[in-house]
Amino acid sequence: GRCHGERDHRHACQEQRDGSAGKLLHAEQSFDYDRPIVAGDSLRFDERVADVYEKKGGALIFVVIETVVRDGSGARVCTIRHTEVVRMTV
């Protein structure tokens with residue numbers, strides 16, 4: 001099954017921080033550059049939860065986070081995607 005939205009992600013991560021749910025693992029990361037980043041660039045990072053899904057009957061929750069990096073003029077410089085996995089303990 002799939003679970004959707006930031007609320008599910010926060011719930012899983014809060015349980016992990018409290019020590020009652022399981023382990024948080026960094027699974028994957030990718031960078032897609034639109035142009036090189038150079039010294040002196042003023043950058044803004046806008047992060048959002050792009051997807052949340054589960055595997056193994058809810059034992060693993062995958063949270064895909066996308067960060068869009070923009071320069072001072074608002075032009076996109078880079079898109080970063082990373083996946084975190086919460087391994088639930090029952």
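FYI, side chains are in, hydrogens and waters are out, and symmetry mates aren't considered; it's all heavy atoms of this structure.
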Pairing residues for Ser42 by the side chain to side chain contact (heavy atoms under 4.5 Å, CB included) criterion, not counting sequence neighbours:
none
Any chance you could pull the hydrophobic cluster mates of Tyr33, using side-chain heavy atoms under 4.5 angstrom and chaining through other members?
Phe31, Ile37, Leu43, Phe45, Val69, Val77, Ile80
Got a sec, which residues hit side-chain hydrogen bond (donor to acceptor under 3.5 Å, both in side chains) with Asp32, two or more places apart in sequence or on another chain?
none
Within the structure provided, determine whether Ile61 and Val52 are in side-chain contact (heavy-atom separation under 4.5 Å).
yes
Roughly how far, to the nearest 0.5 Å, is NZ of Lys56 from CE of Met88?
15.0 Å
Counting neighbours of CZ on Arg35 that are heavy atoms of other residues, nucleotides or ligands and sit closer than 6.0 Å, is the number greater than 12?
yes
Out of curiosity, Asp51 CG to Ile65 CD1, how far, rounded to the nearest 0.5 Å?
11.5 Å
For Glu66, what residues pass the salt bridge (Lys or Arg N to Asp or Glu O under 4.0 Å) criterion, not counting sequence neighbours?
Arg48, Arg81
The complete set of ring-ring contact (aromatic ring centres under 6.0 Å, His included) pairs with one or both residues in residues 57-85, sequence neighbours excluded, reads His26-His82, Tyr53-Phe62
Just how far is it from atom CZ of Arg76 to atom CZ of Arg44, taken to the nearest 0.5 Å?
13.0 Å
Residue list, side-chain hydrogen bond (donor to acceptor under 3.5 Å, both in side chains) with Ser73, at least two apart or on another chain:
Asp71
Any heavy-atom pair between the side chains of Val49 and Val64 that's under 4.5 Å?
no
When rounded to the nearest 0.5 angstrom, what distance separates OG1 in Thr79 from CG in Asp46?
10.5 Å
Surrounding CD of Glu47 (heavy atoms of other residues, nucleotides or ligands, distance under 6.0 Å), is the total greater than 12?
yes
For Asp34 and Cys78, the nearest pair of non-hydrogen atoms, with its separation, is OD2-N, 3.8 Å
Looking only at heavy atoms, which two atoms of Pro36 and Asp41 are closest? And how far apart?
O-OD2, 4.2 Å
Under the side-chain contact (heavy atoms from CB on, under 4.5 Å) criterion, do Lys23 and Val86 qualify, and how do the steps go?
CA-CA 6 Å; Lys23 305 281 184 193; Val86 180; over 6 Å; no
Under a side-chain separation threshold of 4.5 Å, the hydrophobic residues clustered together with Val68 are none
